[in-house]
Amino acid sequence: MMRRVAILISGRGSNMTALIEAAAADGFPAEIALVISNKADAPGLATAQANGVKTLVIESKPFGKDRAGFEKLLQAALDEHKIELICLGGFMRLFTAEFVRHWYGRMLNIHPSLLPSFPGLDPHGQALRAGVKISGATVHFVIPETDAGPIVMQGAVPVADDDTADTLAARVLGIEHKIYPQALRLLANGGVQIVGEATRSSPGVCSDDNLIAPSVI
Ligand code: GAR
């Protein structure tokens with residue numbers, strides 16, 4: 001059965017686009033029923049509309065620190081559209097613990113680092129300063145702590161000596177667009193279970209691919 005998904009954005013929405021495109025394919029177990037932005041000028045809104053997806057703007061700014069007030073409107077919109085799963089795609093607004101608990105196990109986020117390394121702001125700058133040779137992206141269930149929660153899927157990319165935060169961000173974004181649709185497929189199919197603070201996936205395939213960086217010829 002097709003699961004009804006809302007994507008929450010605040011800006012560009014390139015992960016949103018990857019999810020919309022993947023969900024348009026035959027046999028994808030989820031339908032992107034709604035895109036909600038907390039900012040009226042988010043460029044992703046026009047992309048969603050161009051793809052025939054219903055959009056809503058619920059401005060969070062007027063609510064200031066009243067997170068619960070904003071979430072009341074958000075929850076009403078999610079209820080009205082019978083949303084079952086939420087994907088955060090660059091949604092830059094923190095939730096109350098109550099909202100997160102309500103959606104626990106049904107709300108995914110993507111963060112552009114191999115969590116638990118480099119949560120929060122400037123993950124690529126953090127990765128470069130730490131000197132890691134491999135970085136990547138993580139799709140995880142949302143918990144009240146920012147950029148944390150049971151990990152559903154990760155993808156890795158090499159870090160080059162001459163990378164800047166921008167070049168690394170672009171490489172990581174490529175892997176984000178690959179793993180987010182796959183993680184949503186897994187969740188919508190019932191193929192991922194939360195076990196304690198981790199997850200288990202069925203069929204639990206583990207590929208033999210290795211990523212070694214730098215590669216020495
Ligand atoms: C993505 O790189 C996403 O991983 C990141 O914001 C960007 C949004 O881009 N999210 C976070 O940093 C969450 N802590 P997009 O609007 O093009 O999808």
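Ligands are counted one by one from 1 in listed order, and the atoms in each one are counted from 1 as well.
Protein heavy atom in closest approach to atom 5 (C) of ligand 1: P112 CD, 3.8 Å. The nearest heavy-atom contact from the protein to atom 9 (O) of ligand 1 is R12 NH2, 3.1 Å. Looking only at protein heavy atoms, the nearest one to atom 4 (O) of ligand 1 is E176 OE1, 2.6 Å. Looking only at protein heavy atoms, the nearest one to atom 15 (P) of ligand 1 is S14 N, 3.4 Å. Protein heavy atom closest to atom 16 (O) of ligand 1, with residue, atom name and distance, is G13 N, 2.7 Å.
Across every non-hydrogen atom of F95 and M107, the tightest pair is CE1-SD, 4.0 Å. Across every non-hydrogen atom of N15 and L173, the tightest pair is ND2-CD1, 4.1 Å.
Electrostatic pairing of E84 and R4 does not count as a salt bridge here, judged by no charged N lying under 4.0 Å from a carboxylate O.
H111 pairs with exactly one of T138, D147, T146 by the side chain to side chain donor-acceptor pair (under 3.5 Å) rule, that one being D147.
Heavy-atom separations between I9 and ligand 1 are all 4.0 Å or longer.
Counting the atoms of ligand 1 from 1 in the order shown, those under 4.0 Å from a heavy atom of G90 are 6 (O), 8 (C). Proximity to I110 (heavy-atom distance under 4.0 Å) selects the following atoms of ligand 1: 3 (C), 4 (O), 10 (N), 11 (C), 13 (C).
Side chain of E71 to main chain of T96: a donor-acceptor pair is present (N/O by atom type, distance under 3.5 Å, no hydrogens or angles). For T164 (side chain) and T167 (main-chain N/O), a donor-acceptor pair under 3.5 Å exists by modelled atom type.
Geometrically, R93 engages F70 in a cation-pi contact, judged by NZ or CZ lying under 6.0 Å from the ring centre and within 45° of the ring axis.
Contacts of D147 with ligand 1, taken as heavy-atom pairs under 4.0 Å, involve the side chain alone.
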